[in-house]
Structure formats: structure tokens, C-alpha cells
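Written below as C-alpha cells is the structure these notes are about.
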Amino acid sequence: MLEVSGLNAGYGRAQVLFDIALEARRGEVVALLGRNGAGKSTTLKAIMGLVPPLSGEVRFEGTRIDGREPHEIARLGLGYVPEDRRIFTDLTVAENLAVGRQPARADAPQWSTEHLLALFPALSRMLDRSGGRMSGGEQQMLCIARTLAGNPKAILLDEPSEGLAPLVVEQMAGVILELKRAGVTVLLAEQSARFTGRVADRGYTLEKGELLPA
Amino acid sequence: MSGSAVLLQFLNGLSGASALFLVAAGLSLIFGVTRIVNFAHGSLYMLGMYLAVWLSARIGFWASVPLAAALVAAGGAAVEMLLLRRIYKAPELFQLLATFAVVLLVKDLALWAWGPEDTLGPRAPGFAGAVEIAGRAFPQYDLLLIGLGPLVFLLLYLLLTKTRWGILVRAATQDREMVGALGVNQKLLFTAVFMLGAGLAGLGGALVIPREPASLEIDLAVVSDAFVVVVVGGLGSIPGAFLAALLIGEIKAFCIGLGYSKITLAVEFIVMAVVLVLRPWGLLGRPQAAMRGPAALEAPLDPPSGRAVAALLALFAGLAAIPAFTTGYTLVLLTDVLVFALFAASLHFMMGPGGMASFGHAAYFGLGAYGAGVLLLRLAAPMELALALAPLFALAGALVFGWFCVRLSGVYLAMLTLAFAQIAWSIAFQWDAVTGGSNGLIGVWPAAWLASKTAFYYAALLVCAAALALLWRLVFSPFGYALRASRDSALRAEAIGIPVRAVQWAAFCVAGLFAGLAGALFAFSKGSISPETLSVPRSVEGLVMVLLGGVQTLTGPVWGAALFTWLEDSVSRGFEYWRAAIGGVILLLVLAFPRGVAGFVRERIAR
């Protein structure tokens, strides 16, 4: 589904990622573990085209996507849930979902608005609330729902449990398992091995921009 | 003023506000999504006026209005696709420079197509008469305009809140990168927004032709009005722009109605200054979130190496030797280069190390020039004393204006500097007794021993070289370090005990003082001072010089000033379309050297 090989990336003169190679097969939940600053977010951003890779290859369903624009990559069916959520705070919940909406595709699970609201019942009570007036947990749910509205085949999830109350973390784990059941491939960046242990099929560990041998 | 007169002025204000709103709404939309401050927005308005006048003679007024708006929208799309698309990742001020080049190009395009004379449009058929309101005649067409403003506002509001496209525009205003990661093609969105904004400006221009003649001077006048409206209302806020257009339109109408036409020129800028100080993000705007996307981290400036100092000394020696070879026009030109190098370097001091962009640096240049003139002519001070004391006038101005300006940052700060420059300009333009009003001051000649071109050239060379050395020394002084720390992270600088605002205020004053010195030299080199000395185009020239040279290089402003002064001089002599030529050159430079000329050379050497 998603294959990365020999990926180098960074910001300006500072190289952050060194020769990353990883793979997520169809329907898998794959964890990318590492502490703060290890390069997890940068890996996801480089796959998404938000940080242009210096070298290396990224393939999505066999198609080279490195060097493509983020919107092209998203339209191929790869969703991205950023670490800091990046909710459009001036827009309502319903409008946030509308921004993420893309046409349904035949070979991926479809997420109608009703479907999304069933997955995140909390959101259905606040469709007209502006994104800026939500709690962190609610924003995290909206952020995932917004990406799912694009009916992706695979998603990159950046630290979905970060800074959330234990109860909400519980919910997040449930959501990820739900995504797996629906057949969405997930690449999950996390600091918490306890969390990934519960939801992931297998994992990679990043340290200082390099993958540790498995 | 009787009740009916008040009512009429009120209506006048409303009709003026409508056209103002159309332009400002477009400017605000474009800024919100693309983060580009479109200096050319007034030019699009002007183009709308000319096109409507030209078209209405052929196809009638009512058909010409939508067609002119559509043509301007198409022109806007072309500018976005051919130019702006290439520079979205360039620094903010470079984009500004590029849009200023478009201003120059459009101005000469209009000059070429429609000539230098003001052109009157036709009356609007069906709305040519007047209606009686409270016993006084009021033009029917103005009533129509009063209705059109709110109508367009309503349509825009519906577009932005009820359509998917509008929702995308609002989302992109906040975080365009995230919108892209969700699968939205930003390029198309940006082009469409620019087209809409340009179309609104064109529509605004086309609609005013029954009231005002199309003229080549309208572009900068309108864009500064629109800036004020957008900043007062809050950048990116359409309701804010509407409210601010009403406010400014009314205030202007009442100033004229009450006979205070003299302060009309400054009053909107005073309103803006007051609003920005009380509510720095505008009436309905929100505090600007930090920009998304990879932050432009500036590499620290290296102190000049021994080789660089030697090269500068050699340059100084070379310049000192020039009078041995020529005494003619070259010396006059070189004197100009020296003066503008100092002016640009002073602006660079606050923009580069200080991180505070100014759109109104000419104010301090002009204060220095007028200071010199007033001391010499009105107070009969000797020339040497006038030259020494004149920069203090600029310093005084910088002390007052800077106190307000350092409370803001980014585009808002730049707008406030523009506002103060405009105030200074309108005082110089109208205070006949002291500044000579629109005629300016004449007979500001240097003392006898400096009267020859060669002597004055040497004086300018010594003063400018000393001032430049001092400015550069300051950058690497503890004060310079504190200033750069404040630029790079105001919060961290505060936390280690740097009084950020005080440091920035001091830098603002230093920049003002040195600009004043350049202004005083300029006055004595020309022998006269006109209000253009502190006008907006002069401020923009300073920006162009700094950006041409490269903001994050130390000597860049000097090269930028030399290049620009030489270009302007060689192009403006005997060529009618010199503005377009300069605009074209600026565009080429912006596209070819997004880090400035000195930055480009440095990169080449580093390789």
C-alpha cells in the first residue's frame, strides 16, 4: 500500500531524516515509535509532500508520490491527520468536515457524514459550533473525521493520543480499531508504546532520524 | 450646518463608502488567502475606470460596467498565474515589490492606451438626474451606489458562508497548507480568489466613472485608501472592510462638508493610527496567528571579514578618486547614489536586523530635508549647522511615530508606518507658511565652500561613509545583538531580560535619524525640497533598493541603491515609458534573484 525507501528529508540546511525505509500493507495498522524530535512527524510530512524529500522514494499503491503536491497525494487516497490538529477555528464543525470532503472512491471505505457522526457521537451535538470553541479531545476527533471525509484508502495519524485525557485516549484507540475493521490502512506515529501495543499490528522505532533495526 | 446638510453629507459619505468597500473587499480577500499585500490593487481599480470609459463610448455605460470588471478579473488572473504563482514562497516583502512593479507597468499601459489626460466618463443613462432629499438635490446615481455597496456585501457574505468554495476560501485564510493536505488544489483556489478580488476592484472603478474622471494618479491614492479600510476593519475580514469603509467614507464626507478639506488628506490615516493603537488587529479582525508553513529562519549575519572590510575601503578610495577623472554629471549621479545608499541602509537597519518593515520611511528622509530647509531659510541658520541639526527633526518624528509603531508587528506595523508618512506628507503639503506647501522650498543651497559639485560630492562621500560605518558597527554591538534577538524571538528575548519594545523603539529612532541625515544631504544637493521628498513613492523606492540588494545582507542596500538610482536615471531620460521599464526590470530581478542581488552574489561565492 505504502512503501518508503531511502528517504532523506529536512528543513533548510538541517537534515532530519536519514535513509528511512518502511512499509504499510493494505489493511495494516503500523506504528512509528520514537521520542520527541526523533523525526516521526517529519516522516509523515515527507510522505505527504509537506516537507519535500531530499532524496528517496515514496510509493502509494505502486505510484511514485515523492515530489508531488500535497493535494495530489491526498486525492490519490492518502489522508493526513496532523499532530497539532490544525482545525479551522473560524469554521464550524460542519464546515470543517466540508473542507475535507472528497468524492467517494470505489476501492476505499466510504464515510458519509452520518457515518462519521456515528463514529464520533460527540461531534453530532456541536455541528454548528466553531472549531475554536472545542476541547482538545473534540478537536482531535474532528481532525480525524475531517480527514476521513475525504474517503481515504490509508491515513497518516500523527500522535492522536497526545495531550488527551485517559478516557479520550481510550476512545481514540477504539476509533483506530474501527478504522482497521473498515479496511483503512493506518501509519500511526506515537510516543506511547503502550498505546500502539493495543492498536498496531507491528511497528518501527525511530531514533535521531534513523530507524532502529527491527 | 443645518439638518438637511448633515443628511446630505451623510448620504455623500455612504455613496463614497460603496466604491471604497468594493476595492477593499477584494484586497482583503486576496490578502486573507494568499498573504500577499497587493499594491497593484489600486491599479486594477484604475484599469476598471479606463476600460469602462473606453467601452461605454462603444457599447454604452451599462454594458461596459460588467465587461470592464470581467476584463480586469481576467487581467488579475493573468498576473496571478504568470507572476505571483512563482513567488508565493518568496519573502513577504518581495511579493510586495513584485506587485509594485505591476503598479508601474499598469500605469504606463494606461498612459500608452489612453494618454496622460484625465478622461471623463458618461453619465449613467437612467440615473443622470437628481432627486430632492430634504429640500436639496441629490444625484440619483449616488443613491444607486449607496444601494450597491450593501448588495455586493450581501452577495460576498453568502458566497463565503453558503458555498463550498467560500468555505474553502475561509479555511485557506487560516491554514492554506492544511487545506492542501486535505486534497484542495491551492493553485486554482488562489487564482480564483485573485480573480474575484481583481474583478471587485475593476467593478468599483467602473462604477465610479459617472462621478470621477479616470486619471493616472488614482492608483496609489485608491490603494492607500483601501489599505486603510482593510487595516481598520481587520485584515481578511469582509464585514470589517464594510464597516471600515462606512466609517472612513463618512469621516471624509464630513470633513469636506464642514470645510476642513485640509485635514481630509490625513484624517483617514489618523483614524487608522488610532484604531491600530487601540485594537491592533482592526475593528473586526482577529489577532494574527503565526504563519503556517516552514518558518523563514534567517542565518545570523557574519561580521564583515577582513577581506570584506578591505574591499569596502578600496571602494571608498575608488570613489574618492573619481573627481580626478570627471567633474560632470557623473558626480551629481554619484552624490545621489551616496545619499540613497544611506537612506536605504537606514531602512535596512530596521527591516533586516530589526525585522520591522516600513512602508513610510520617506517620512524621516523628508523630515530631515525639510528640517534643513526650515533651519536655513526660516531660521537663517548657517548651512553647516542646518545639516548637523536637521536629522534631529527626523529623530523627533521617529520618537513619536515609533512609539506607536513598535506596539505592532508585521503587516500592521508596515501599514502604521505608511499612515504616519501620509500624515507627515499632508502636513508638508499644506503648511504653506513653513514648508512652502505644494511648491516646497527653494534656495536650499550649501555654504560657499561646498557649492561646487566636487566639494559637495566629497562632503557627501565622507558623511555617508561615516554614517554607514556607524550603522554597520551598531548591528554588531550589544544593542544590535539585542535587536536581532528581539526579531528572532520576542518572547525569549523578553525572558532573558531584553526590553524588546524599548530596543525596537531605539532602532526605529536610529533608522529615522540616519534617514534624516540622508534627507538633509539630499536637500542641499538639489537646492530645493518638494513634498514628493516624503511621499509614498519615495518610501517604496527605499523598499525597492533594500529588497533589490537583499534584506539579510549588510551591504545589500548600498548595491540596491546604486543599481536603482542608476537604472532610474538612465531609463527616465528621454524615454516616455520609463516606469514600465523599471517595473519590468524589477520583475526580472524578483524572479531571477529572490534573495536580492547581494544575496545572490554571496550564494555564488559560497559555492
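These numbers come from the heavy atoms of this one structure, side chains and all, not from hydrogens, waters or symmetry mates.
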Quiz item: By ring pair (Phe, Tyr, Trp, His ring centres under 6.0 Å), which residues pair with A/Phe18, not counting sequence neighbours?
Solution: none
Practice problem: I would like to know whether B/Glu177 and A/Lys45 meet side-chain contact (heavy atoms from CB on, under 4.5 Å); could you show each step before the answer? | Solution: CA-CA 11 Å; B/Glu177 191 185 66; A/Lys45 283 181 183 167; 5.8 Å; no
Quiz prompt | By ring pair (Phe, Tyr, Trp, His ring centres under 6.0 Å) - contacts of B/Phe242 (at least two apart) | solution = B/Phe21, B/Phe153
Quiz prompt | Contact leader toward chain A among B/Asn185, B/Ile167, B/Val179, B/Thr161, where contacts are heavy-atom pairs under 4.5 Å | solution = B/Asn185
Practice problem: Look at B/Ala171, B/Ala181, B/Ala172 and state which one has the largest set of heavy-atom pairs under 4.5 Å with chain A. | Solution: B/Ala171
Exercise. Flag yes if more than 12 heavy atoms outside A/Arg133 fall under 6.0 Å of its CZ atom; otherwise flag no.
Key: no
Quiz item: Mind checking which of residues 94-120 of chain A sit less than 4.5 Å from chain B, heavy atom to heavy atom?
Solution: A/Glu95, A/Ala98, A/Val99, A/Gly100, A/Arg101, A/Gln102
Quiz item: Crowded around B/Arg492 CZ? As in, over 12 foreign heavy atoms under 6.0 Å?
Solution: no
Self-check item: Qualifying residues under side chain to side chain donor-acceptor pair (under 3.5 Å), relative to A/Arg35, sequence neighbours excluded
Solution: none
Quiz item: In terms of heavy-atom pairs under 4.5 Å with chain B, which of A/Thr92, A/Thr89, A/Thr147 leads?
Solution: A/Thr89
Quiz item: In terms of heavy-atom proximity below 4.5 Å to chain A, should B/Arg170 be classed as side chain, backbone, both, or neither?
Solution: both
Exercise. Could you tell me which non-hydrogen atom of A/Phe88 sits nearest to which non-hydrogen atom of B/Asp175, and how far apart they are?
Key: CE2-O, 3.7 Å
Practice problem: Looking only at non-hydrogen atoms, find the nearest pair between A/Ala74 and B/Gly180 and report the distance. | Solution: CB-O, 4.4 Å
Quiz item: Rounded to the nearest 0.5 Å, how far does CD of B/Gln174 lie from CD1 of A/Ile87?
Solution: 9.5 Å
Self-check item: B/Leu491 atom CG, neighbour heavy-atom count above 12 within 6.0 Å
Solution: no
